[in-house]
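For reference, the structure is listed below as structure tokens.
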Amino acid sequence: MEKEFDPKIVAFLCNWCSYAGADLAGVSRLQYPPNPEVIRVPCSGRVNPFYILRAIYEGIDGVWVSGCHPGDCHYQTGNYYARRRFYLIKNLLEFAGIDRERLNFSWVSASEAGKFAETAKKVTERVKKAGPIDKLVKERYLND
Amino acid sequence: MKTLVIGSGIAGITASLDIAEAGGDVILIEKEHFATGTLASLDRQFPNDACGFCQVYPFTGDGVAQYCIRRVFTHPGIEVRTGTEVVSIEGEGPYTVKLRRKPRGVVIEKCISCRKCEDVCPVEAEDSFNRFGKRKAIYTDYPMPFPQSYAIDWEACTKCGECVKVCPTDAIDLNMVEGEEVIEVDRIITTTGFEEVDPSLIKEYGYQRFKNVLTGLEFERLLSFFGPTLGELKRPSDGKKPERIAFLQCVGSRDIRNPLCSYTCCMYALKEMHLLKRFHPDVEAVMFYMDIRAFGKGYYKYFLETDGKFIPQRVAGIEEDENGNLILKYEDENGRFITDVFDMVVLATGQKPSKDSVIERDELGYPVTEPFVNVKTRNGILVAGSSGGPKDIADAVIEAHSAALEVVKDLTPRTMFRNEPEVFEEPSIGVVLCDCGGTMDVSGLEERLGSKGTPVLKVSDLCINREPVLQWIKENKLDRVVFAACAPSFLDPVFMDSGINYEVADIREGGLWGGSDENALNFRVDAAFRMLENRMYTPSEDFEPAKKVLVVGGGITGMVASLELADAGLDVVLVEKREQLGGNANRIKKLLTGENVQDFLNSLIERVKSHEHIEVRTGENLQEIKGSLGNFTVRISGAEERFGAVLIATGGKEYKPGDGEYGFGRSERVISQMDFEDVIEKEDLKSKTIVMIQCVGSRNDEHPWCSRVCCTDAIKNALRVKEKFPDADVFILYRDIMAYGRKEAFYTRAREKGVIFLRFTKGNEPVVETENGLRVKIFDTVLREEVAIDADFVILSTGIVPDNDVLRGIGIELTEEGFVKEANVKFKPLETPRPGIYTAGLAHSPRDIPESIAQARGVASQIIGVLKKERIVSKRQISYTKERKCAGCGFCIDVCPYDARYLDEERKVAVVYPHICQGCGTCAGICPSGAADMKEMGYREMFSVMDLV
């Protein structure tokens, strides 16, 4: 039997809500798939569209950005920008032929351990369904 | 100077942080084994259903943990002692305090939270935190607790010793005994919170007899995502999802057992209805209430937004049927007896101030405080929060700031604490690997890192082994180190001020405990490694703040704040647009509690005018506020001046009824409540009939907010009339009487004195006829018929409307209603979103004089804390601009929530105020060219990590 597809997912979790939610999920020993590789960012608003494009470009199968619920943002408005930005880039990437299922956005608060684990499962499932991404040319992004 | 703060709820935390930030030393004691009081059990707060625990921490300050309050509480100036109670207090400042420390059973300094003990403990006990279900006899209250250590529930513990056997650090001591200690402190603030009235005393509601009758706090846990059901709604009797829930208000409030109003229950019940609709929209919610006391800022709107049925009746009794359903009996609006069945009942249990013996209290348990300043008690001990009477979070925070002022104003700021980690030219990185008392298998990681030649130190208890680890780092000449261990929230309190550069690779909570595989662990460690490798370190920047404050508005609020600031040695410029100081208070004779306002006001004006540090400017015009905390440039009447902070206390004004509104302008005897104060003093009201109409210009479509003071102003004046002219008839026509908290006593007294209260509803307002004498017609909801009253005077309780037009266009954000917007409704009620600009008094929202004074004092406390510092220091993880790439488009400036960026007009590049930047990265997120970036967590780091995925 063919080995099941094990997607690579990068998860940008905001420090205040979603990362804390992930912590709590761990403390509560809720089990969730290990596929989302977590990068802790100060705020979901810090995730520049470049990162998402770059992730896709580098052959990562899925992206998950998670921040505070509307109104909860530690920095007041960051998550609103993230939401808008994400909505746009989702449409843009779909236009460019990238499956919508690969891009996921969620609100998880610091107390929502259960929701974090659920979302991690859901995101992994969705990206699995979308299948492996066709790799583009891997090239080092020139910084500065 | 040492301050003892008793109680670690929101008031205690706020006061402690204020004092510690201003340079004082605080001992914060908590009688329970885990800190943060009631706060930790609340998921979300009204009136925005937001969480916001992370907002508690001060804006400035190095060394302050930037974390959610549920996770960590740490400040170099604060020593937290849990399980500790006051036995006795002697002296009148300084005080000699005897403390008793309850045995915890676990040595906090040794516990590494590995959970082995909890896993082996064979004893199950009632879960005291979640209020449903079970936990072990060795437990933590809530996940990620403070302190980060287990405790033993002695009532349940059988001393079997299983936990002692498995504890890898010998932290458990089952023979621990109580200890006593005597300390010397200079000041004491008591913030012991509230205690719930036992609802089982109200037998007809069957609490404890019927499983599906819960208290508000219990229901809160049931709704919580980390509660006993992880957010699933199940009723306790059979686990069925309820379809109909009844909310019963005033259970153990406003009755014989507890005659006062509990202040918060209406709002928390509304919040629970909101959350219910949000997460379980198919459940029907019905509230039975006496008055909806939604009197705070934004509360009335929140009430309007609540989806549910509201019945203004008390429920007579509850019975249970064989399925556990609850049968409620009540009388409806038409006088019919109704029997209705619900799946669950939530009682809005009343609250009383918790009794502490350290201050003088009246027979109901409320503290005896000084007039006008409700945080000072007679023996010099300060009281704040619900300990001074039940309170919501915002008001508790305001009081805590106000109480802290008494300490803050006498402090000399701490010598600046700078411990900037060293950085080598070439990064030298090591890894400290912790297996958490042998509970985690890290051999794979160790082998892999070893084979790559990375210096690795393997330990079993990193969180309690600070010094040896720091020693190892030094010996191996490392400038950066990866801690592959538990979550940052556990390690940051230990290492954040240790002078090393580190990054946590969380392989416990985020790794093995969540079911991660070997690859995921490797990723975490490699990612942290790469981040450190590619991180740009720059030292923090600092500057001296301007020690001068601008206070806008010369009412009571502005004057009280000015005096406190000036007494603390700061220079104050007080700007008032009118020629006369005093604002609205000029028209108020007495407080509800009887104190003379005019005497107080005159002494304030006199002191303000003669104070050497206060410059009063009347008739001036505020034009622009530029700059940031510690360094504002303000243009007043054309001239520019530098200030360190700004207080907006522009006040509010009385709503002026429209022509003919309730007969206003048609008869000289239709006047406003404020004008009536004068009439009572001057005219003979013997045998006269006075009709007062509430909510004139409040709580309507045009002004969707409660003006908070009008009900009690009406009661105050009604009582005054009854006192002077006992045979005068006074009617108060109202919608909901906002006699919140202690003010309920005056409402009761007014009814005892014969003041007649008639209720009307929105849409059924009374009609005032002015032809052929004054006649008021109202549909009485009790008699269920129209009543006509021939009146000698009709008094309109006109609401408060904002007077903030001067603030438009100068960089102050206002709410939809026109009041000044605060940074956070709950946790930062006095700060505006722009750091360094504060707001208080009616400019903020309607409130009475003592409440405005508390706000003014609270602002003063915060300003003194910041501006008296020698230097204001920036954080290290902040944004900067790669100027070569910057096109000067200004997107980053528009989105910055703190106004920490501005455009350099000459060079056309965006520039960062380093000490204002909070490091959120919103600018870096929006920058189209990648010019806006973060110093730590920048592009280079992020990309290097993404390459690993």
Quiz item: Considering residues, nucleotides and ligands other than B:E232, do more than 12 of their heavy atoms fall under 6.0 Å from its CD?
Solution: no
Quiz item: Which answer fits A:C68, side chain, backbone, both or neither, if we ask what part of it has an atom under 4.5 Å from a heavy atom of chain B?
Solution: neither
Self-check item: Interatomic spacing from CD1 in B:I926 to OH in A:Y81 - rounded to 0.5 Å
Solution: 6.0 Å
Exercise. Against chain B, label A:Y80 side chain, backbone, both or neither, depending on which of its atoms sit under 4.5 Å from a heavy atom there.
Key: neither
Quiz item: Within a radius of less than 6.0 Å around CZ of A:R100, do more than 12 heavy atoms belonging to other residues, nucleotides or ligands occur?
Solution: yes
Quiz item: Side chain, backbone, both or neither: which part of B:P928 has an atom under 4.5 Å from a heavy atom of chain A?
Solution: backbone
Practice problem: Give, for atom NE2 of A:H74 and atom CD of B:Q918, the distance between the pair rounded to the nearest 0.5 Å. | Solution: 6.5 Å
Exercise. Could you tell me the separation between the SG atom of B:C486 and the CG atom of A:D23, rounded to the nearest 0.5 Å?
Key: 9.5 Å
Quiz item: Atom CZ in B:F523, atom NZ in A:K8: separation rounded to 0.5 Å?
Solution: 10.5 Å
Self-check item: Stepwise salt bridge (Lys or Arg N to Asp or Glu O under 4.0 Å) check, B:R44 with A:E112
Solution: CA-CA 11 Å; B:R44 288 163 188 283; A:E112 293 172 345; 3.2 Å; yes
Quiz item: Can you tell me if A:R46 uses its side chain to pair, donor with acceptor, with the backbone of B:M937 under 3.5 Å?
Solution: yes
Quiz item: Side chain of A:D72, backbone of B:C51: donor and acceptor closer than 3.5 Å?
Solution: yes
Quiz prompt | Donor-acceptor under 3.5 Å (A:N48 side chain, B:A924 main chain) | solution = yes
Quiz prompt | Enclosure of B:K821 NZ (heavy-atom neighbours >12, cutoff 6.0 Å) | solution = no
Quiz item: Counting N and O atoms only, with roles assigned by atom type, does the side chain of A:Q31 sit under 3.5 Å from a partner on the main chain of B:W513, one being a donor and the other an acceptor?
Solution: yes
Quiz item: So, does A:E58 use its side chain to make a donor-acceptor pair with the main chain of B:M946 at under 3.5 Å?
Solution: no
Quiz item: When you measure from the side chain of B:D517 to the backbone N and O of A:P34, does any donor-acceptor pair fall under 3.5 Å?
Solution: no
Practice problem: Hey, could you give me the CG/CG distance between A:L30 and B:L230, rounded to the nearest 0.5 Å? | Solution: 6.0 Å
Quiz item: Who among B:V895, B:N48, B:T922 has the most heavy-atom pairs with chain A under 4.5 Å?
Solution: B:V895
Quiz prompt | Heavy-atom pairs under 4.5 Å with chain B, option from A:T77, A:V38, A:V47, A:V10 with the top count | solution = A:V38
Self-check item: Neighbour count >12 (heavy atoms, 6.0 Å) for atom OH, A:Y87
Solution: no
Quiz item: For chain A, which of B:R524, B:R508, B:R115, B:Q877 has the most heavy-atom pairs under 4.5 Å?
Solution: B:R115
Quiz item: Any Lys/Arg nitrogen of B:D506 or A:R40 sitting under 4.0 Å from an Asp/Glu carboxylate oxygen of the other?
Solution: no
Quiz item: Salt-bridged, A:R29 to B:E118, with N to O below 4.0 Å?
Solution: no
Exercise. Mind ranking B:C927, B:G919, B:G925 by heavy-atom pairs under 4.5 Å with chain A and telling me who comes out on top?
Key: B:G925
Quiz item: Going by heavy atoms in the side chains, are B:M531 and A:I39 under 4.5 Å from each other?
Solution: yes
Quiz item: Roughly how far apart are A:W16 CH2 and B:C920 SG, rounded to 0.5 Å?
Solution: 11.0 Å
Practice problem: Might you confirm whether atom NZ of A:K122 has over 12 heavy atoms from other residues, nucleotides or ligands at distances under 6.0 Å? | Solution: no
Quiz item: Are the ring centres of A:Y51 and B:Y939 closer than 6.0 Å?
Solution: yes
Self-check item: Beyond-backbone contact of B:M934 with A:V41, side-chain heavy atoms, under 4.5 angstrom
Solution: no
Exercise. Among B:G514, B:G515, B:G52, B:G921, single out the residue with the greatest number of heavy-atom pairs under 4.5 Å to chain A.
Key: B:G514
Exercise. Answer whether the closest heavy-atom distance between the side chains of B:Y898 and A:Q76 falls below 4.5 Å.
Key: yes
